[in-house]
Amino acid sequence: MGNLFRKPNVVYKTLTEELLIHCRTITGFSDEEINAEHTKFFSVTIDGRLRKSQMEILLGDYLPMTKRKNSKYLTDCVFSAIDTNNDGYIDFLEYLMSIKFFQTESPVEKADFVFRIIDKNGDNHVTQKELERILKCLQGYHQSLANINITDLINDGPKPAANAIVEKLDEDKSGVINVSEFVDAWLKDETIRALFTF
């Protein structure tokens, strides 16, 4: 998301009319929503450069209570997905785009964003280790669900579950899951959606 939506070295501390128009265009949010997120963003980071430690504060508003205890790991994953230009911080536009993806109703956009969160190193492939890491983070949450498909899958722990997911989704037998394989599974498989809905 980073360098596609922002200008280098711009802080966006002032919401100009031009910036509001740009934000509305890329997110579909109303001026009121943009103003509220802008106020929240700059209440946490004065210099307009959100760091991982600050992201956890903001992310908490968008996580269900049952997932908040895992917010540190999720913050790290989400931060890496949002900071696509790898400059070590998230600016206001990157933050606003992350909120859009958390709130999107589009299954394809949601699946793509979740894929990027799981794909911690950003190489456009999800490995068994990356799956294992996120499943471990969400293990307690998943065990509390009444979904028999999920509890059966994760019953033996994150490592066997990750292996089973790679075997199931890796259609080209490359040993990793690419974005199209993940999106396809997200659209067709209720268990995959339930496992990775944040």
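Because the structure is a prediction, the values reported are computed rather than measured.
Side-chain contact between Arg133 and Lys129: present, with at least one pair of heavy atoms (C-beta onward) separated by less than 4.5 Å. Using a 4.5 Å cut-off on side-chain heavy atoms (C-beta onward), Asp91 and Arg49 make no contact. Residues Val179 and Asn124 fail the side-chain proximity criterion, which asks for heavy atoms closer than 4.5 Å.
For the pairing with Ile177, the side chain to side chain contact (heavy atoms under 4.5 Å, CB included) check across Ile118, Asp184, Leu131 returns one residue only, Leu131.
Here the straight-line distance linking atom CG of Asp170 with atom CD1 of Ile165 works out to 12.5 Å at 0.5 Å rounding. Rounding to the nearest 0.5 Å gives a distance of 10.0 Å between CG of Leu135 and CD of Gln128. Atom CG of Leu50 is separated from atom CZ of Phe92 by 11.5 Å, given to the nearest 0.5 angstrom. With values rounded to the nearest 0.5 angstrom, Ile26 atom CD1 is found 5.0 Å from Met97 atom CE. Summarising the geometry, atom CD1 belonging to Ile99 is positioned 12.5 Å from atom OG1 belonging to Thr104; distances are rounded to the nearest 0.5 Å. Note: Leu153 CG to Lys168 NZ = 7.5 Å, rounded to the nearest 0.5 Å.
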(message) Leu195 vs Thr191, test: side-chain contact (heavy atoms from CB on, under 4.5 Å). Steps then yes/no.
(response) CA-CA 6 Å; Leu195 275 171; Thr191 303; 4.3 Å; yes
(message) Could you walk me through whether Thr151 and Ile148 satisfy the side-chain contact (heavy atoms from CB on, under 4.5 Å) test, starting with their C-alpha distance in whole Å, then the side-chain angles of each, then the deciding distance to 0.1 Å, before giving a yes or no?
(response) CA-CA 5 Å; Thr151 52; Ile148 191 76; 4.0 Å; yes
(message) Applying side-chain contact (heavy atoms from CB on, under 4.5 Å) to Leu93 and Leu19, what does each step give before you reach the verdict?
(response) CA-CA 9 Å; Leu93 289 182; Leu19 181 56; 4.0 Å; yes
(request) Determine, stepwise, if the pair Val126 / Phe182 fulfils side-chain contact (heavy atoms from CB on, under 4.5 Å). (result) CA-CA 9 Å; Val126 169; Phe182 186 83; 5.6 Å; no
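The backbone N or O of Ser30 lies less than 3.5 Å from a partner atom in the side chain of Glu33, making a donor-acceptor pair. A donor-acceptor contact shorter than 3.5 Å links the side chain of Glu181 to the backbone of Asp172. Formation of a donor-acceptor pair under 3.5 Å by the Lys52 side chain with backbone atoms of Gly88 is not found in this model. Between the His125 side chain and the Asp123 main chain, a donor and an acceptor come within less than 3.5 Å of each other.
For the pair Arg24 and Asp31, the salt-bridge criterion is met [side-chain N within less than 4.0 Å of a carboxylate O]. Salt-bridge annotation for Lys110 and Glu105: absent, with no side-chain N of the basic residue lying under 4.0 Å from a carboxylate O of the acidic one. The residues Asp189 and Arg193 are annotated as not salt-bridged, no charged nitrogen and carboxylate oxygen being separated by less than 4.0 angstrom. Looking at Lys40 and Glu37, a side-chain N of the basic residue comes within less than 4.0 Å of a carboxylate O on the acidic one, giving a salt bridge.
The shortest heavy-atom contact between Ile90 and Met55 is CD1-SD, 4.2 Å. Pairing each heavy atom of Ala111 with each of Trp186, the nearest pair is CB-CG, 3.3 Å.
Contacts of Arg51 classified as side chain to side chain donor-acceptor pair (under 3.5 Å), with partners at least two apart in sequence or in another chain: Asp47. Residues meeting the side-chain contact (heavy atoms from CB on, under 4.5 Å) test with Leu187, sequence neighbours left out: Pro107, Val108, Val183.
Within 6.0 Å of atom CD in Glu190, 12 or fewer heavy atoms from other residues, nucleotides or ligands are found, so the atom counts as exposed in its surroundings. Counted within 6.0 Å of NZ on Lys159, heavy atoms from surrounding residues, nucleotides or ligands total 12 or fewer; the atom is thus considered open.
No path of Ile, Leu, Val, Met, Phe, Trp and Tyr side chains, each step under 4.5 Å between heavy atoms, connects Phe196 with Val176, placing them in separate hydrophobic clusters.
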